[in-house]
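These notes are about the structure you will find just below.
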Amino acid sequence: MKALSLWQPWASLIALGEKRIETRIWSTKHRGPLAIHAAAKLPPRWLGASRHKEIFRNELADVLNVRRDHVASEIRKLPYGCVLCVVNLSAIEETSAVREILCQRELIFGNYEDGRYAWTLELTEKFERPIPAKGNRMLWNWVLGV
């Protein structure tokens, strides 16, 4: 099965059903099942700059059901280096074609700048226990149990 590694907390947001669009700077011809893998460590501070914004922190606090000042510690408690769920990648469109129709939360949890792609994901299976796996860049092949 194809897999996509994401930084936390975005991987968990997908597994929780709170993020249905993943934005990328690249597209793919792949459609169908896609395993969502949480990267083994937190992203560098400069990457995913949105996570440092108050509006992001507020929305994430709501999703995680914690106080805003506890969000950073909750992110550190999320699973890392494992596959969290399987989604169906059903469509990919340019972000400019979808950003006007998305809810505020989806916009907060993604990067909808021009020149990016919006991957539509439908959660099909969330693993009760995340499955340890070594991730990779771009799409990679994941075999359960390997």
Trace of the side-chain contact (heavy atoms from CB on, under 4.5 Å) decision for V66 with V71: CA-CA 7 Å; V66 298; V71 167; 4.1 Å; yes
Derivation and outcome, side-chain contact (heavy atoms from CB on, under 4.5 Å), residues Q104 and I108: CA-CA 6 Å; Q104 184 67 20; I108 290 167; 3.8 Å; yes
Steps toward salt bridge (charged side-chain N to carboxylate O under 4.0 Å, His left out) verdict (K77, E74): CA-CA 5 Å; K77 294 177 188 174; E74 288 300 310; 3.1 Å; yes
Step-by-step salt bridge (charged side-chain N to carboxylate O under 4.0 Å, His left out) determination, E122 to R20: CA-CA 7 Å; E122 300 154 1; R20 294 169 186 87; over 6 Å; no
Check against side-chain contact (heavy atoms from CB on, under 4.5 Å), I36 and V86: CA-CA 6 Å; I36 299 298; V86 176; over 6 Å; no
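The main-chain N or O of A118 is never found under 3.5 Å from a side-chain atom of R24 such that the two would form a donor-acceptor pair. S12 places no side-chain N or O within donor-acceptor distance of the main-chain N or O of P9, the cut-off being under 3.5 Å. Looking at K19, its side chain does come within 3.5 Å of a backbone N or O of F109 through a donor-acceptor pair. Here the side chain of R31 pairs a donor or acceptor atom with the backbone of T28 at under 3.5 angstrom. Judged purely by atom type and a 3.5 angstrom limit, S5 has no side-chain atom pairing as donor or acceptor with the backbone of A39. At distances below 3.5 Å, not a single donor-acceptor pair connects side-chain atoms of E22 with backbone N or O atoms of L121.
For the pair Y112 and T23, the minimum side-chain heavy-atom distance is below 4.5 Å. Using a 4.5 Å heavy-atom threshold, the side chains of C82 and I131 count as separate. Side-chain contact check for L4 versus L139: some heavy-atom pair is nearer than 4.5 Å.
A distance of 9.5 Å separates CD1 of I75 from CZ of R57, quoted to the nearest 0.5 Å. The distance from atom NE2 of H70 to atom CG of L60, rounded to the nearest 0.5 Å, is 13.5 Å. Remark: N88 CG to T124 OG1 distance equals 6.5 Å, nearest 0.5 Å. For the atom pair L6 CG and L13 CG, the distance stands at 10.0 Å (nearest 0.5 Å). The CD atom of Q8 sits 14.5 Å away from the NZ atom of K41 when rounded to the nearest 0.5 Å. E54 contributes atom CD, which lies 11.5 Å from atom CD of E59 (distance to the nearest 0.5 angstrom).
For the side chain to side chain donor-acceptor pair (under 3.5 Å) test, no residue two or more places apart in sequence or in another chain qualifies with K126. In this structure D69 satisfies the side chain to side chain donor-acceptor pair (under 3.5 Å) test together with R67, sequence neighbours excluded. Applying the side chain to side chain donor-acceptor pair (under 3.5 Å) test to R129 and every residue at least two apart in sequence or in another chain returns nothing. The side chain to side chain donor-acceptor pair (under 3.5 Å) check on N58 picks up R68, with sequence neighbours excluded.
A continuous path of ILVMFWY side-chain contacts below 4.5 Å connects M1 to L144, so both sit in one hydrophobic cluster. L89 and I21 fall into different hydrophobic clusters, where Ile, Leu, Val, Met, Phe, Trp and Tyr residues are linked whenever their side-chain heavy atoms come under 4.5 Å apart, directly or through other members. Note: the hydrophobic cluster containing W7 also contains F56 (ILVMFWY, side chain heavy atoms under 4.5 Å, direct or indirect links). No chain of hydrophobic side-chain contacts below 4.5 Å, direct or via other Ile, Leu, Val, Met, Phe, Trp or Tyr residues, connects V98 to V87. In the hydrophobic cluster analysis, where Ile, Leu, Val, Met, Phe, Trp and Tyr join through side-chain heavy atoms closer than 4.5 angstrom, L64 is grouped together with L42.
The shortest non-hydrogen separation linking P79 to A38 is O-CB, 3.4 Å. Between A15 and L123 the shortest heavy-atom distance is O-CD2, 3.5 Å.
Within the structure, ring pair (Phe, Tyr, Trp, His ring centres under 6.0 Å) pairs that include any residue of residues 118-139 comprise W26-W119 (at least two apart or interchain). Residue pairs meeting the side-chain hydrogen bond (donor to acceptor under 3.5 Å, both in side chains) criterion with at least one member in residues 92-102, sequence neighbours excluded: R99-D114.
For CG of N141, the number of neighbouring non-hydrogen atoms (other residues, nucleotides, ligands) closer than 6.0 Å is greater than 12.
The residue from W10, W142, W140 that alone fulfils the ring-ring contact (aromatic ring centres under 6.0 Å, His included) condition with H37 is W140.
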